[in-house]
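Just so it is clear: chains get the letters A, B, ... in the order the sequence lines come, proteins before strands, and each one is counted from 1.
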Number of protein chains: 2
Amino acid sequence: MKDVAEAAGVALKTVSRVVNEEPGVNPATAGRVTAAIERLGYRRNESARVLRRGRTATIGLVIEDVADPFYSGLSRAVEDVALRHGSLVLSGSSGEDPRRERELILAFCSRRVDGLVIVPAGTDHDYLRPELDAGIAAVFADRPGGLEADTVLCDNAGGAHAGVSHLIRHGHRRIAFIGDSASIFTAGERLHGYRRALAEAGLPFDPSLVATGPAEQAGPALNRMLSGDAPPTAVFTGNGRITVAVLRTGHRLALVGFDDFELADLLVPGVTVVAQDPVRLGRTAAELLFRRLSGDHGTPERVELPTRLIPRGSGELPG
Amino acid sequence: MKDVAEAAGVALKTVSRVVNEEPGVNPATAGRVTAAIERLGYRRNESARVLRRGRTATIGLVIEDVADPFYSGLSRAVEDVALRHGSLVLSGSSGEDPRRERELILAFCSRRVDGLVIVPAGTDHDYLRPELDAGIAAVFADRPGGLEADTVLCDNAGGAHAGVSHLIRHGHRRIAFIGDSASIFTAGERLHGYRRALAEAGLPFDPSLVATGPAEQAGPALNRMLSGDAPPTAVFTGNGRITVAVLRTGHRLALVGFDDFELADLLVPGVTVVAQDPVRLGRTAAELLFRRLSGDHGTPERVELPTRLIPRGSGELPG
DNA sequence: TGGCGCACTGACAACGTTGTCAACAGCGAT
DNA sequence: ATCGCTGTTGACAACGTTGTCAGTGCGCCA
C-alpha cells in the first residue's frame, strides 16, 4: 500500500480511501491510484485490516466428517450462506473426538473468526465461554452443545417414532433397533422415539433387540440377533452408515432407516427412510449465526426441524 | 497480552516468550505468566501474529462442490494433511463457475493463505501470477490449471480406455459415451481414452453414440440413442453423477462408469466402475503443497495417479 | 476584502504481535 | 578489582491497515 501511494504520488490514507471506496476522493486522484494498484498487482492485506477493525469476515465450521454425505450437504449450505454474507468458511472435521473438536475450535478462535457453527462431538464447552464473552457468536447444529447457545436440531425422536410406527403398522412385532453409541445425543433421542412407538402400540421393549455402537459393529450385531431364538422381523437403523452396513449383510427383512441417501430408491426393494434435510439444517444454523452477527442479542433459540418418512418398499415388507 | 504482562508484573516481550515457548525464561517467571494467562482467559491474536511474521498456517482449498462425494473425500484428505502440518483449511465451492473460483481464490489470497489446492474450473489463472510471485504456493488437483504449477491428475484417458476395452472384450460393438461437457479437461481426456479403445479394436467412431453435457441431460440423451435405428448395447459413463443418472433411466444394458460410488456393489447387477481414489488425490496434492511450503523450489511437478477397473456385473453383461 | 463552508488530502496514532538489541545481575577467571 | 560470560529481562520499532483530526485551496456570500 505504501508502494502504491508512492507510485501514485499520494498519501497512504488516500490509497486506503480508494481501496475501501470511501466517498470524498477526487475521481482523477482515484484513477491514478487505481492505475497504480493495477500496475503493482496490489491486494489489501486482510490480516492488518482485521487487526485494525476487529471483524474477519470468516466463520468457522466444525463437523464430524466432511466425507460423510450428511455433513458435506450441511457444509455446502453453510458455505453458501456465508458467501452471501461476504464471509469465508474455515472448516474442520472433529472425527467425533472431543479433543480434536476443542483444538479446532480454539484454533478458529485465535484466528478471530466472527462466529462458529458447531456439530458438537463433546458435551463440555466451557472453554468456549471466554470466547463468547469476547463477542464470538456460536450456533450448535444437529446436536445441543455443552452450554446455553443457539441450537438447530432435527426432530430425532419424532422421526424414529414415525419410522418404527410405520413398521408396526405393517404387522411387525419384533423390531430391532441398531444405532449409534448411546452417548451421542441424536442416537439417544432416536432410541427414545423407538421406545415410545413400541409403548404406544403395547409392544414390550426387548433389550436383546437393541444394539448401539459404531457402524462397523452393526452387521455382526444383526447377525447375532437373527441367529438368536426370537429373531426380529424388522430393523430400524439409527443413521445412514448403519443402514448401509445392514444392507450389506444381505438379509432380506423389513427395514426403515434414519437418514436418506443417494440410490436408496434404486436398490431392490427401495429403502424406506426417515429423511432429515442436512441442507436446511446447515442453512438454518448459518442464517441464525449471521442474524446474531448483525446485532440480534436476544435469548438463545432452539429450532427443531421436521423429518419426513419416505416409503420405498423395504419398510412395507410384511411381518 | 498487555493485560497479562501487567497482571504478571513483567514486560510484554516476556509474555510473548512464554506464549511461544521460547527458551531463556526463568521457570518461576514463566509460572506467573502462565497463571495470569489462565486467569484472564487470554488467547494470542493470530492476525497480529500473521502481520508480524508472514505465515498464516492456513491453506485454501477450492473445489467444485463439497457436497459431491468425490470432492468431499478429497477435502477430508487435504484437511487431514493440513492438520498434520499444523494448518487449517479455508474451503470454498466454485460450482464450476470460473468467476466464483476467481473470487474465492483472491479472497483466500488477501487473507494471506500460505498455499492453495485448486480444482480448477476456469482455464485462465493469470490473476494468480502476482500471488505466486509473492510467495503463495499453489497445486492444481484433478485438472491442470491455466499456468505452470504443480499438478496432480488421475489417469483419465487410461481409465476410460480400460473401461471401454472391458466392454469390447465382452462382445460389445456399439458403445455409447455419455460424459461431462467436453470443455472440462477430465471429460476430454476420457473421451480420448474411449476413442483410442475403439480404434485399437478396429471399431468405428460414431458421433451419434456420444453425448456430452451436464448430468441432467444424460438420461434423455441415452433415451434418444436407444430409440434411434442403431442403438448402443453398452454405455460408458464419464463421471459418477452421470452413471447414477443413467441407472435411473432403468434400461438394462451393459454399463461401465468412471468413478466409484457407495452402494455400487449393492445394486443388481453390481455396477462395474473405473475407480479413482479421491482421498489419495487430495493427500498427494496437499503433501506436494507442504513440500513447497517447506522450501522445495524445484520445477513444477506433474503427478498422474492410476485408476482401477472394478468388475461387478454391469460391465460383464453380454453384447 | 474578509470570512465561511466545502471538497479534498495528509500526518499520525493505534491495533497486538515479534525481532533486534541493549541492559542488568551474578559469577568465575584473570 | 576488572573483565567477560551467562542467564534473564525489557524497551522499542516494525508489520499494513484504518480512524481521527488537522490542514489546504477554492468558490461564494456579505
Does [X] have a side-chain nitrogen or oxygen under 4.0 Å from the phosphate oxygens OP1 or OP2 of [N]?
X	N	result
B/Thr29	D/dT9	yes
A/Arg53	C/dC15	no
B/Arg49	C/dT18	yes
A/Asn45	D/dC15	no
A/Arg44	D/dT17	no

Axis-to-axis angle for the helix from C/dT1-D/dA30 to C/dT30-D/dA1, ends of five pairs each, to 10°, equals 70°

- request: Classify the angle between the aromatic ring planes of B/His125 and B/Phe140 as parallel (below 30°), tilted (30 to 60°) or perpendicular (above 60°).
  value: tilted

What residues 8-17 of chain A contributes to the DNA chain C interface at heavy-atom separation below 4.0 Å is A/Val10, A/Ala11, A/Lys13, A/Thr14, A/Arg17

Rounded to the nearest 0.5 angstrom, the CZ-CG distance for B/Phe108 and B/Asp114 is 13.5 Å

CG of B/Leu281 to CG of B/Leu74, rounded to nearest 0.5 Å, is 5.0 Å

Please say whether more than 12 non-hydrogen atoms of neighbouring residues, nucleotides or ligands are located less than 6.0 Å from CD in A/Glu148.
no

Protein-nucleotide distance ([X], atom [atom1]; [N], atom [atom2]), rounded to Å:
X	N	atom1	atom2	result
A/Asp3	D/dG16	CG	C1'	11 Å
B/Glu22	D/dT8	CD	P	14 Å
A/Lys2	D/dA14	NZ	C1'	10 Å
B/Arg55	D/dG16	CZ	P	16 Å
A/Arg111	C/dT17	CZ	P	14 Å
A/Met1	D/dT17	CE	P	6 Å
B/Ile37	C/dT17	CD1	P	10 Å
B/Leu51	C/dG16	CG	P	12 Å

For residues [X] and [Y], determine if any side-chain heavy atom of one lies less than 4.5 Å from a side-chain heavy atom of the other.
X	Y	value
A/Ile105	A/Ile118	yes
A/Leu116	A/Leu128	yes
A/Asp142	A/Gln276	yes

[Y]/[X] salt bridge by N-O under 4.0 Å criterion:
X	Y	answer
B/Glu287	B/Arg84	yes
B/Arg44	B/Glu46	yes
B/Arg100	A/Glu79	yes

(Q) For a quick check of understanding: with a heavy-atom distance under 4.0 Å over all strands, which category does B/Val25 fall into, base, sugar-phosphate or nothing? (A) sugar-phosphate

Which of D/dT8, C/dC8, D/dC15 is nearest the side chain of A/Asn26? It is C/dC8

DNA chain D nearest-nucleotide lookup for B/Pro23 and A/Val19: closer to the 5′ end is B/Pro23

